[in-house]
Amino acid sequence: MKTFVTVIGARPQFIKAAPLSNELRKRNREFLVHTGQHYDDNMSDVFFREMGIPAPDRHLNVGSGSHGAQTAAMLAKIELVLEEIKPDAVIIYGDTNSTVAGALAAAKLHIPVAHVEAGLRSFDRRMPEEVNRVVADHLSTWLFTPSEVSVRQLATEGITKGVHDVGDIMADSVRVFSPLADRQSGVLERLALQPRKYSVATIHRAANTDDPARLAGIFEGLRRIPGPVVLPLHPRTKAAVQRSKLEHLLSDTEAATSDTRRLVVVPPLGYLDMLQLQKNAGVILTDSGGMQKEAYYLGVPCVTLRDETEWVETVKAGWNHLVGADPARIAAAWEQCRACESREWPLLYGDGRAAGRIVEILAAKPVCGSSIPHF
Ligand code: UD1
C-alpha cells in the first residue's frame, strides 16, 4: 500500500480531487493537505460536504496574500508535512498557487510529483496560472493530461517521459455528480428560473477583475444580452467592483421572481447547484477554465470572456466563442450561441474515467525506474 499526499487549496481543486480521492483510497493511503487558499464556506467547505471528500488531514490556514507571500507560506508548511509523512508521491491539481507550492516542496525533497491536468498552456506568462502550470509540469514525474494537444505541448517543451493522456478529471466529476445534482439541487426553483431561458456568468480572473476597463466592458456586455443572467459573484470580483467604484453595474438586480430581471447576483454556489444551473442554462459566459469544459460536457454553448484559452478544442469544435471583454463581441457571441440549434459533439477530453486510469498508473513503478523526479 502506497501513501500519497494530496495538496489542494482552491475551489477547482476540490472538484477535481473528489473523484480521484475516492478511487485512490480503495487501494492506497491518502493524506489530504488543504492549504487554506480558499477559506470561505461557499468557496471551500461546501465542496467537501457535497462531494463526500474526506476532511483534510492537515489544514495549513494560509489564507490570502500577495502571490509571493501566499505561495511561500504554503511552501514552508507543505515541506514540514512532507518531512513528517514521507509519502511515496505528492498529487497536485491544475494551476493555482497551491499547485506550484506542492510541486516545489515535493521536488526539493526528491519526492515524485503527480500533476493532474498537465500540459495546458495559454501562452500568456502574465497569468499567474500559466507560471504555475509551467513550473509544475517541469517538476513532475507523472503528467496526467486531458488531451492530445497537451501531450504535444509537453513534447515541444522536451517533456515526453511520464506523460499519460488519461482524459480530463473534471469529466469524471460531471459524470459522477450530475445525477446527484438532478436529485438534490433546487437552484432553479430557488432563483425562479426556467430551463434554457437564462444565462449563467462567472468572472474571477485577475486579468479581468484587476483592470477596471475590462471589468466594466464585461458588465456592459452582460447588460446588453437579454436576462436573466445569473452571476455567482467570486470574492475577488466583489472586492474589485467595490474598489473600482463599479457597484452601479450590479444595481439592476431585481426581485427574485420578476420576468424583467437582467442581472441576478448571488453568492458563490456549491458544485451541485452550479452543475444544475449550467446544465439548464441557454448560454454560459465565463473566464473560468473549468466552466468552459463543463459547458461542453453539459451540451451548453459557452462565451469565454478572455483573449485566449487553454481549452482550444472547445473553440475548434464550435462550442466555445472567445470574445475578451468587448461588450459588442460578448453580445454578438451570445446571439450566435442562441441562433445555432445543434452542434456536433466530438469526444474531446476522454470518457470521464480518468481517475481509474490515474490510480492504475500510480500503482505501477515510477518512470525511469527512479524514485526522484526527472528533469
Ligand atoms: C484561484 C486560482 C485560479 C482558480 C481560482 C478559482 C491562483 C493564482 N489562482 O484564483 O487558478 O481558477 O482560484 O476560484 O491560484 N477570497 C475570499 N474567500 C475565499 C477565497 C478567496 O474572500 O474563500 C478572496 C481572497 O482574499 C483574494 C481573492 O478572493 O483577495 C482571490 O483569491 P486567490 O487565492 O487569489 O485566488 P482566486 O482569484 O480565487
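Just follow the structure's listing: the first ligand is 1, and inside any ligand the first atom is 1. As the structure is a computational prediction, the values presented were derived from the model and not from experiment.
- Proximity annotation for atom 37 (P) of ligand 1: of M291, H38, Q13, H38 comes nearest, heavy atoms only.
- Closest heavy-atom approach to atom 14 (O) of ligand 1 within the set M127, E130, H234: this belongs to H234.
- Under a 4.5 Å side-chain heavy-atom cut-off, the cluster of Ile, Leu, Val, Met, Phe, Trp and Tyr residues that includes L322 is completed by V315.
- A201 is linked by a side-chain contact (heavy atoms from CB on, under 4.5 Å) to L222, V229, L231, L285, counting only residues two or more places apart in sequence or in another chain.
- Between L193 and P228, the closest heavy-atom pair is CD2-CG, 4.1 Å.
- By the 4.5 Å heavy-atom criterion applied to side chains, F219 and V241 are counted as neighbours.
- Contact record, L233 with T237: CD1-CG2, 3.9 Å, taken as the closest heavy-atom pair.
- The aromatic ring centroids of Y93 and H115 lie 6.0 Å or more from each other.
- Residue contacts with ligand 1 for E129 involve side-chain atoms from C-beta outward but no N, CA, C or O (heavy atoms, distance under 4.0 Å).
- Within the structure, the closest approach of K238 to ligand 1 does not fall below 4.0 Å when heavy atoms are considered.
- Taking every heavy atom of D95 and a limit of under 4.0 angstrom, the matching atoms of ligand 1 come to 11 (O).
- Taking only non-hydrogen atoms, the option from P12, S64, G63 nearest to atom 27 (C) of ligand 1 is S64.
- Distances between N or O atoms of H67 and those of ligand 1 include no value under 3.5 Å.
- Backbone and side-chain nitrogen or oxygen atoms of S98 are examined, and none is located within less than 3.5 angstrom of a nitrogen or oxygen of ligand 1.
- Those atoms of ligand 1 that come under 4.0 Å of a heavy atom in M43, given as number and element, are 19 (C), 23 (O).
- For ligand 1, the atoms closer than 4.0 angstrom to any heavy atom of H204 are 4 (C), 5 (C), 6 (C), 12 (O).
- Ring centers of F4 and F31: at least 6.0 Å apart, outside the cut-off.
- Taking atom 29 (O) of ligand 1 as the reference point, the nearest protein heavy-atom neighbour is R236 N, 3.6 Å.
- Nearest protein heavy-atom contact of atom 18 (N) of ligand 1 is D40 OD2, 2.8 Å.
- With hydrogens and angles left out, the side-chain atoms of Q70 and S64 include no donor and acceptor closer than 3.5 Å.
- Heavy-atom contacts of Q70 reach the following atoms of ligand 1: 34 (O) (cutoff under 4.0 Å).
- Comment: E84 engages R58 in a salt bridge, judged by a side-chain N to carboxylate O separation of less than 4.0 angstrom.
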